[in-house]
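Some notes on the structure that comes next.
These numbers come from a predicted model, not from an experiment. Counting starts at 1 for both ligands and their atoms, in listed order.
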Amino acid sequence: MIAANLQAVRSTLSDGVKLIAVSKTHPNEAIMEAYQAGHRVFGENKVQEMTDKYNDLPKDIEWHLIGHLQTNKVKYIAPFVSLIHAVDSLKLLMEINKQAAKNNRVIDCLLQLHVAQEETKFGMDGEEVIQLLNSHEYKDMQHIRIVGVMAMATNTSNEDQIRIEFRSVKQIFHDLKRDFFATSDHFREISTGMSSDYLIAKEEGSTMIRVGSSIFGSRG
Ligand SMILES: *Cc1c(COP(=O)(O)O)cnc(C)c1O
């Protein structure tokens, strides 16, 4: 079932788009089913849950932290996390840099953009991102690498609304690339799209989709 679902989602994607299988709340057995089917990239939104799964499961899995990250929890994932999707403040980025240094690592990060209409969603607007990237604290960081942006669209059935939001993410991405990362080939990821909207995200330039329920079933 999980293998077939994975295959179904994959078949809709072109080569340049990476599929993050969002396994939050699902047991190790479900992850191993996807693993046996050849999948290696999983997303979790809670630090404790991701750390437990990391300890129990094969070490060639790439773990992505996709949810809001509290500064005081960075230390638990710094030894192994492969990509942190939701960096939404300079303070958080400074802590990631510090913990990455302790682990002799450079941790890849995405800047979370706020484009949805809901007030509850985390993320920065374009101005806040520019401030962060212009700060001397950021310029001194040796142990993080910003590889792109991440966003969530409004939870709505209005596809035009979702498309407009993803399009604005793509626009901000291109502006940042031009103004801050013109000489870097690392800044190339747009993490947009979940089960309900990844087909739209893909059409609007997504390079990473984060899909949970369409692969593992509903979270009850
Ligand atoms: C849970 C979650 C997803 C996946 O959601 P589905 O609707 O199950 O595909 C994607 N991104 C984030 C940030 C999430 O928390």
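- Between Phe42 and Phe216, the ring planes are tilted. Angles from 30° to 60° get that label.
- In summary, the atoms of ligand 1 found under 4.0 Å from a heavy atom of Ser213, numbered by their order in the structure, are 6 (P), 7 (O), 8 (O), 9 (O).
- Side-chain rings of Phe187 and Phe173 approach one another, their centers coming within less than 6.0 Å.
- The shortest N or O to N or O distance between Arg210 and ligand 1 is below 3.5 Å.
- Scanning His26, Met194, Arg219, Lys24 for the heavy atom closest to atom 8 (O) of ligand 1 points to Arg219.
- Less than 4.0 angstrom separates some heavy atom of Val211 from each of these atoms of ligand 1: 9 (O).
- Within ligand 1, counting atoms from 1 as listed, the ones closer than 4.0 Å to a heavy atom of Gly212 are 4 (C), 6 (P), 8 (O), 9 (O).
- To the nearest 0.5 angstrom, Ile107 atom CD1 is 9.0 Å from Asn97 atom CG.
- Other residues, nucleotides and ligands contribute at most 12 non-hydrogen atoms within 6.0 Å of the NZ atom of Lys98.
- Atom 13 (C) of ligand 1 has its closest protein heavy atom at Ile66 O, 3.6 Å.
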Start with the C-alpha distance between Gln131 and Asn134, add both sets of side-chain angles, then the distance that settles side chain to side chain contact (heavy atoms under 4.5 Å, CB included), and finish with yes or no. CA-CA 5 Å; Gln131 265 182 31; Asn134 276 325; 5.9 Å; no
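- Glu44 and Lys24 are not joined by a salt bridge, as no carboxylate oxygen comes within less than 4.0 angstrom of a charged side-chain nitrogen.
- For atom 9 (O) of ligand 1, the closest non-hydrogen atom of the protein is Ser195 OG, 2.5 Å.
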